[in-house]
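Here's the structure, in structure tokens; my notes come after.
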Protein chains: 2
Amino acid sequence: MKLTELKAIQLAELFSALSDASRVRIISLLIEGEMSVSALAEGLNMTESAVSHQLRGLRQMRIVRARKEGRQVFYTLEDEHVQKLYSMGLDHVEHG
Amino acid sequence: MKLTELKAIQLAELFSALSDASRVRIISLLIEGEMSVSALAEGLNMTESAVSHQLRGLRQMRIVRARKEGRQVFYTLEDEHVQKLYSMGLDHVEHG
DNA sequence: TGAATAGTTGAGCAAGTGTTCATATATTAT
DNA sequence: ATAATATATGAACACTTGCTCAACTATTCA
């Protein structure tokens with residue numbers, strides 16, 4: 001089946017979301033459930049700024065969604081597709 | 001489930017294989033079957049050098065395998081994991 | 001009101017990526 | 001041998017990426 005250039009780019013962008021260890025770790029935490037930026041930063045040993053920068057990218061890719069509550073912002077995974085990619089990839093890394 | 005830093009890196013490396021449009025297109029052709037470097041280059045409108053450089057990376061990641069026949073080198077996908085990731089990603093891009 | 005807290009944003013920079021171009025190697029044909 | 005073909009490789013370069021740091025906004029608390 002022929003793959004158009006546009007779809008090749010979109011596919012590459014999708015996989016780029018998971019092509020960095022920090023983002024993978026962010027997603028692995030968000031799979032457990034909603035989390036604030038500072039909780040993510042603490043859990044990942046990253047500055048809030050660095051986390052925020054990554055979340056911005058993930059937001060633009062529609063991979064996470066933000067919900068504001070007071071002065072905190074809670075993030076969740078936007079859909080289960082990325083989660084499926086994640087667990088399939090993890091399966092590949094762990095076994096296989 | 002806790003994700004170790006090592007596995008986060010390995011996961012990121014795996015997804016990096018598909019994080020570039022040229023590599024996605026190379027893989028989309030190899031899904032159809034074995035292909036030589038020059039056939040890939042022609043099918044993708046890339047120089048043989050550029051294709052060869054990308055194939056080297058994919059080889060190192062154990063995503064493709066090379067088979068030499070005379071002066072041609074034929075490449076195939078090393079296992080079906082990446083193919084599964086590819087089609088799951090494509091599904092996400094096309095629908096959903 | 002002013003201070004503290006949570007997060008975002010932009011600039012700057014070091015490191016990484018993907019291509020081109022030239023060159024090298026291996027194989028086949030003359 | 002020499003030439004031609006198929007691929008690989010290294011250097012160079014433009015471009016991208018992910019971080020830090022400082023400055024900013026928004027919200028809560030005293």
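By convention in this document, chain letters (A, B, ...) are assigned in the order of the sequence lines, proteins followed by strands, and residues within each chain are numbered from 1.
- Nearest heavy-atom pair across A:Leu30 and A:Tyr75 is CD2-O, 3.4 Å.
- The stretch residues 43-73 of chain A comes close to DNA chain C through A:Glu48, A:Ser49, A:Ser52, A:His53, A:Arg56, A:Arg59, A:Arg71, A:Gln72, A:Val73, each having a heavy atom under 4.0 Å from the strand.
- For B:Glu78, the salt bridge (Lys or Arg N to Asp or Glu O under 4.0 Å) partners two or more places apart in sequence, or in a different chain, are B:Arg65.
- At the heavy-atom level, A:Tyr75 lies under 4.0 Å from the strands shown only through sugar-phosphate atoms.
- Both B:Met61 and B:Met35 are part of a single hydrophobic cluster, where members link through side-chain heavy atoms under 4.5 Å apart.
- Between B:Leu18 and B:Leu85 the shortest side-chain heavy-atom distance falls below 4.5 Å.
- An OP1 or OP2 oxygen of D:dG18 is reached within less than 4.0 angstrom by no side-chain nitrogen or oxygen of A:Ser22.
- Taking side-chain N and O atoms only, B:Arg23 has a distance below 4.0 Å to OP1 or OP2 of C:dG18.
- In this structure, A:Arg23 and A:Ala17 approach most closely via the heavy-atom pair NE-O, 2.9 Å.
- Residues A:Asp91 and A:His95 have side chains in contact (heavy-atom distance under 4.5 Å, counting atoms from C-beta outward).
- In this structure, A:Glu48 contributes its side chain and A:Val37 its backbone to no donor-acceptor pair below 3.5 Å.
- In this structure, B:Ser19 contributes its side chain and B:Ser16 its backbone to a donor-acceptor pair below 3.5 Å.
- Within residues 9-21 of chain B, the residues having any heavy atom closer than 4.0 Å to DNA chain C are, in order of number, B:Asp20.
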